[in-house]
Amino acid sequence: MNPMKYKFKFGFLTLLILLLFTQETFAQTYVPTKENLEARQWFAEAKFGLFIHWGVYSVLGDGEWVMQVQNISIDAYERLPGFFNPVEFNAEEWVKMAKDAGMKYICITSRHHDGFSMFDTKLTDYQIVRSTPYGKDVLKDLAEACKKEGIKLFFYYSLLDWHNDDYFPRGQTGNGIAGRKEGKWEDYITFMKGQLTELLTHYGEIGGIWFDGDWDKKNANWHYEEIYALIHSLQPQCLIGNNHHEAVKPGEDFQMFEKDLPGKSTQNFASKAEDIGELPKEVCETINGSWGFNLQDRKHKSDKELIRYLIKAAGYGTNLLLNVGPMPNGKIQEEHVRSLEKIGDWLALNGETIYATEGGMVPPSEEIVSTQKGKKLYLHLLESKANWLLPSFPEEISSMRFYRSGKSVKHEITDYGLLFHVPEQEQDQVDTIIEITMK
Ligand code: GLC
């Protein structure tokens, strides 16, 4: 063999192996950057965010799954963008509403399962600027308003797509939608990478990418290693979460739970207890029963239920991402705006016991949760009763007082645990908070 040819061949092969090896090890040994670790810390302390499900489906007022629920054909659904004209949309109003509610970040659907992009993407015409009469990029406005108000912006991004032919082979859902064709999976991956690159280069600093839809095709090769590496190379601080309902995968920065506090399983897709890890956590929940705008859904949770969910989430050491589904005119329904105001009022008085806390040492139950910050332990009593006993309280107490009135709490450490008394005038219908300072 010609030695030169041999040398070249050998050099090329080494390079190839080296390249493959670095890619592989990078995927397996994702080491978050300093910025990323700081962002995780910020996230864990933020505790409360606004989820926004908005798309052309809002026109039909039947939730974001309407295309699959009503088996709307591709042709028919493609008429919806033509009706989408949210002239009353005001990004600053939305961001102010979130901020006044005590929320620290917003996560908005950039593209949901219907495949319609709510931003100005070059990769398809099936997007807000090119195919709606509104013709403006709502994510751009939102990014600017968020920046102005110091609210971090996250993008929800659907892995599942009922409209794109390249989402093929198809998954478990949307199979009654007429007009879907057979395309190429590799092109779909390229399309997603392109869109994510746009989202991470055109809208300033992004708090995180919130993936959803993995469950539609459990055995698909989503190319997560490359996609996650791409996101972190474009914006190292950008937090990656994936609603796959499993233990976190390499490259993810936080763990999410849908409609269930960590370890609870009221939903058939709940994460298994053994899958709960150490990364910052977030639970998402709706105000009524729907994510996208639903005209008929009147099952709005009460202010008390919502505030308590936030408290419980904090007691379980997780953020709450609370959802609104804006209407096709760009407004958020009044009931939800009012609920958010009420939560904001509560947080303005009691936020110290929620923000930047961790789940406290008293294990959460239906009647009590606890949050903790250094030497301070906050008991959140969710039941109105006078006499309480906390078994095996491990710490020595320096002081114990009612958080709101400041009055001290009569208590005693007994062989059975910490005994204390809550007089009726201190009992709060939503949450009676006791602050314990430990020695
Ligand atoms: C589910 C739904 C989706 C919604 C998401 C929010 O995955 O499929 O419509 O966006 O939950 O958590």
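Owing to the predicted nature of the structure, the values given are computational and were not obtained by experimental measurement. In each ligand, atom 1 is the first atom listed, and ligand 1 is the first ligand listed.
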Contact check, His113 vs ligand 1, heavy-atom distance below 4.0 Å
yes
Please could you name the atoms of ligand 1 that Cys284 approaches to less than 4.0 Å, counting only its heavy atoms?
12 (O)
Does a side-chain N-to-carboxylate-O contact under 4.0 Å join Lys385 and Glu367?
yes
For atom 7 (O) of ligand 1, grab the closest protein heavy atom and report residue, atom and distance to one decimal in Å.
Asp212 OD2, 2.9 Å
With heavy atoms of Tyr156 as the reference, note each atom of ligand 1 found under 4.0 Å away.
10 (O)
Closer than 4.0 Å to some heavy atom of Asn243 - which atoms of ligand 1 meet that?
7 (O), 12 (O)
Got Phe84 and Trp54 here, is their nearest side-chain heavy-atom distance under 4.5 Å?
yes
For atom 4 (C) of ligand 1, what is the closest protein heavy atom, and at what distance to 0.1 Å?
His53 NE2, 3.4 Å
Look at Lys331 together with Glu93 and state whether they make a salt bridge at an N to O cut-off of under 4.0 Å.
yes
Within a distance under 4.0 Å of any heavy atom of Trp215, pick out the atoms of ligand 1 and give their elements.
7 (O), 8 (O)
So is His112 in contact with ligand 1, going by heavy-atom distances below 4.0 Å?
yes
Name the option, out of Glu258, His245, Glu64, that contains the heavy atom nearest to atom 1 (C) of ligand 1.
Glu258
Is the closest heavy-atom distance from Trp210 to ligand 1 below 4.0 Å?
yes
Can Lys148 and Glu92 be counted as an ion pair, charged N to O under 4.0 angstrom?
yes
Give me each pair satisfying side-chain hydrogen bond (donor to acceptor under 3.5 Å, both in side chains) with a member in residues 311-324, each pair once, sequence neighbours excluded.
His53-Asn323, Tyr105-Asn319, Lys312-Glu366
Tell me whether the NZ or CZ atom of Lys140 lies within the 45° cone about the ring axis of Tyr203 and under 6.0 Å from its centre.
yes
With a 4.0 Å cut-off, would you call Glu246 and Lys218 a salt bridge?
yes
Validate the cation-pi geometry between Lys104 and Tyr355: distance from NZ or CZ to the six-membered ring centre under 6.0 Å, angle to the ring axis within 45°.
yes
Identify, for atom 8 (O) of ligand 1, the protein heavy atom at the shortest distance, and state residue, atom and that distance.
Trp65 NE1, 2.9 Å
